[in-house]
Amino acid sequence: MKRISILLITLLITVSAISAAPIFQIGGIASYHAPMKEISARDALVPSNFGIGADMRLSYGIISLDIPATYSLGDGKNSVDIMPTVNVNIPI
């Protein structure tokens, strides 16, 4: 009985830790800008195809606002891309 109780408590803590998310999250992001069907093996590692940046997420209940921002080198120009999205999170 003691083993079953410990197992159930451990399982409940694990499930609650996985499904719980803080209200504010921030992290790094890397992106690849070239369409995959148009890439040759020689052009796959061109620096202008890559972008680096930050991703910020605000969560409230099942709704979250995600704002990724990336910086990438271009052919003679640099660019900053921002693509905010609103998401619905459904815990399974």
Side-chain angles (χ1 to χ4, degrees):
M1 185 65 178
K2 192 174 188 180
R3 289 182 184 178
I4 293 174
S5 298
I6 292 172
L7 180 63
L8 287 175
I9 290 170
T10 305
L11 183 63
L12 287 173
I13 291 172
T14 304
V15 169
S16 65
I18 290 172
S19 64
I23 294 173
F24 179 74
Q25 303 168 8
I26 191 165
I29 186 173
S31 61
Y32 191 77
H33 298 291
M36 297 303 275
K37 64 182 178 181
E38 299 175 8
I39 298 174
S40 65
R42 185 177 43 148
D43 297 333
L45 297 177
V46 175
S48 63
N49 290 338
F50 293 93
I52 58 168
D55 186 21
M56 181 182 75
R57 180 174 293 161
L58 298 170
S59 299
Y60 183 74
I62 63 168
I63 304 292
S64 67
L65 172 66
D66 188 23
I67 305 171
T70 59
Y71 172 78
S72 58
L73 301 171
D75 296 326
K77 60 183 177 181
N78 300 335
S79 67
V80 175
D81 300 315
I82 298 173
M83 189 177 74
T85 59
V86 175
N87 305 308
V88 176
N89 302 318
I90 301 171
I92 297 177

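Hydrogens, waters and symmetry mates play no part in the numbers below; they use all other heavy atoms, side chains included.
- Within 6.0 Å of CZ on Phe24 lie more than 12 heavy atoms contributed by other residues, nucleotides or ligands.
- Taken from CG in Leu65 to CG in Asn87, the straight-line distance is 8.0 Å, to the nearest 0.5 Å.
- Under a cut-off of 6.0 angstrom, the local environment of CD1 in Ile63 is crowded, with over 12 non-hydrogen atoms contributed by other residues, nucleotides or ligands.
- Applying the ring-ring contact (aromatic ring centres under 6.0 Å, His included) test to Tyr71 and every residue at least two apart in sequence or in another chain returns nothing.
- Shortest non-hydrogen contact noted between Ile67 and Pro84 is CG1-CB, 4.1 Å.
- Ile52 and Ile26 sit in two unconnected hydrophobic clusters of ILVMFWY residues. Membership requires side-chain heavy atoms under 4.5 Å apart, directly or through other members.
- Contacts of Asp66 classified as salt bridge (Lys or Arg N to Asp or Glu O under 4.0 Å), with partners at least two apart in sequence or in another chain: Arg57.
- Neither Ile29 nor Met83 shares a network with the other; the hydrophobic side chains, linked directly or stepwise wherever heavy atoms of I, L, V, M, F, W or Y lie under 4.5 Å apart, form separate groups for each.
- Applying the side chain to side chain donor-acceptor pair (under 3.5 Å) test to Ser64 and every residue at least two apart in sequence or in another chain returns Asn89.
- Criterion: ILVMFWY side-chain heavy atoms under 4.5 Å apart, direct or through other members. Under it, Val86 and Tyr60 are not part of a common hydrophobic cluster.
- The hydrophobic clustering, which links ILVMFWY residues whose side-chain heavy atoms are closer than 4.5 Å, places Ile6 and Leu8 apart.
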